[in-house]
Amino acid sequence: MRIATWNVNSIRARVDRVIDYLHRGDIDVLAMQEIKCRDSQFPYAAFEAAGYEVVLHGLNQWNGVAIASRLGLEDVEVTFPSQPGFGPVGDDGQPPVEARAIGATIEGVRVWSLYVPNGRELDNAHYPYKLEWLAGLARDTQSWLAEHPDIPLALMGDWNVAPFDTDVWDMAEFVNSTHVSQPERDAFFALEGIGLTDVVRPLLPEGYTYWDYKQLRFPRNEGMRIDFIMGSPAFADLVESAEIVRDERKGDGPSDHVPVVVTLTGEDEDRPMFL
DNA sequence: ATGCCTGTAACGTACAGA
């Protein structure tokens with residue numbers, strides 16, 4: 001099974017490129033972020049024609065997450081229980097919960113597509129929101145793992161955190177900026193504290209996953225590594241290889257992020273999955 | 001060339017992104 005995560009930066013603007021990549025990349029499951037549309041606006045037909053079923057959570061032009069699969073989708077869950085909201089309180093007296101998390105099970109593998117809040121600036125209200133969001137995710141994931149220790153779990157998406165200094169092209173550009181602050185890194189590493197690991201980094205120590213559209217960032221290779229696949233021990237055991245598809249940043253109309261892919265051991269192996 | 005930002009809502013310009 002080949003599973004990928006990709007911040008597509010609008011699925012309506014990118015559907016042809018995404019479908020084309022699903023074929024070329026032989027992708028079975030794709031977790032998308034920033035689809036930037038509501039359910040009624042999603043290009044379901046193109047995915048269906050390509051053989052993929054899609055589940056999504058999209059409320060408006062902001063954020064939005066989806067999972068496409070050609071191996072079925074079960075137990076779909078929108079938002080995680082502790083996911084905090086953001087913004088002016090609504091009729092229920094609570095800030096609205098944004099479209100940033102969707103989970104589903106594919107052939108016994110539990111997958112989440114996550115779009116972690118950006119944080120904006122260190123003194124912006126979006127920054128503590130980001131930290132609370134990650135803390136809630138860690139809390140809920142710890143509870144889930146305690147109940148389902150044998151089900152392979154992958155939390156995949158745009159984490160909007162550069163865990164190491166080498167994950168940005170120049171730390172001098174990030175003085176007093178989000179994405180590299182210690183509280184953000186601590187919140188990210190808390191996922192490792194509950195047993196998850198970045199299943200791509202050991203296989204691919206080098207490589208960015210995002211380059212800003214501005215200032216020739218891609219031609220200069222001034223990027224960031226912020227898209228990760230965090231796997232439980234049972235998931236990590238299945239990972240055979242990984243790819244960061246840098247070529248998807250080239251050509252006409254690319255997303256500013258590229259796909260991150262892992263190949264899991266399949267039925268052709270001499271041992272059955274999940275043993 | 002991988003090239004000086006892009007997408008959405010709404011039709012001029014604001015907001016968001018990292």
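Keep in mind it's a predicted model, so treat the numbers as computed, not measured. Reminder, nothing fancy here: chain letters follow the sequence lines and each chain counts from 1.
- Contacts classified as salt bridge (Lys or Arg N to Asp or Glu O under 4.0 Å) and involving residues 59-78 of chain A (residues at least two apart or in different chains) are given here: A/Asp26-A/Arg70, A/Asp28-A/Arg70, A/Glu77-A/Arg110.
- At a cut-off of 3.5 Å, with distance as the only test, no side-chain donor of A/Ser255 or A/Asn9 sits close to an acceptor on the other residue.
- Listed by chain and number, the residues in a side chain to side chain contact (heavy atoms under 4.5 Å, CB included) with A/Ala13 are A/Ser10 (sequence neighbours excluded).
- If you measure from atom CD of A/Glu248 to atom C1' of B/dT2, you get 13 Å, rounded to the nearest angstrom.
- Contacts classified as side-chain hydrogen bond (donor to acceptor under 3.5 Å, both in side chains) and involving residues 184-197 of chain A (residues at least two apart or in different chains) are given here: A/Lys130-A/Glu184, A/Asp165-A/Arg185, A/Ser181-A/Glu184, A/Gln182-A/Asp186.
- In this view, A/Glu98 and A/Arg100 satisfy the salt bridge (charged side-chain N to carboxylate O under 4.0 Å, His left out) rule, not counting sequence neighbours.
- In this view, A/Phe42 and A/Tyr44, A/Phe47 satisfy the ring-ring contact (aromatic ring centres under 6.0 Å, His included) rule, not counting sequence neighbours.
- Residues satisfying the ring-ring contact (aromatic ring centres under 6.0 Å, His included) test with A/Tyr213, not counting sequence neighbours, are none.
- Atom CG of A/Asp252 is separated from atom C1' of B/dT6 by 14 Å (rounded to the nearest Å).
- Interface residues of residues 183-192 of chain A facing DNA chain B, ordered by number: none; criterion, heavy-atom separation under 4.0 Å.
- Regarding contacts with the backbone of B/dT6, every side-chain N or O of A/Gln61 stays at 4.0 angstrom or more from both OP1 and OP2.
- For A/Arg246, there are no salt bridge (charged side-chain N to carboxylate O under 4.0 Å, His left out) partners, not counting sequence neighbours.
- For DNA chain B, the neighbouring residues in residues 114-127 of chain A, judged by any heavy atom under 4.0 Å, are A/Tyr115, A/Asn118, A/Arg120.
- Residues passing the ring-ring contact (aromatic ring centres under 6.0 Å, His included) test with A/Tyr210, sequence neighbours excluded: A/His257.
- Atom-to-atom, NZ of A/Lys130 to C1' of B/dA16 comes out at 14 Å; the value is rounded to the nearest Å.
- Only A/Tyr210, A/Tyr213, A/Lys214, A/Gln215, A/Leu216, A/Phe218, A/Pro219, A/Met224, A/Ile226, listed by number, bring a heavy atom of residues 210-229 of chain A to less than 4.0 angstrom from any atom of DNA chain B.
- Remark: A/His148 engages A/Trp144 in a ring-ring contact (aromatic ring centres under 6.0 Å, His included) (not counting sequence neighbours).
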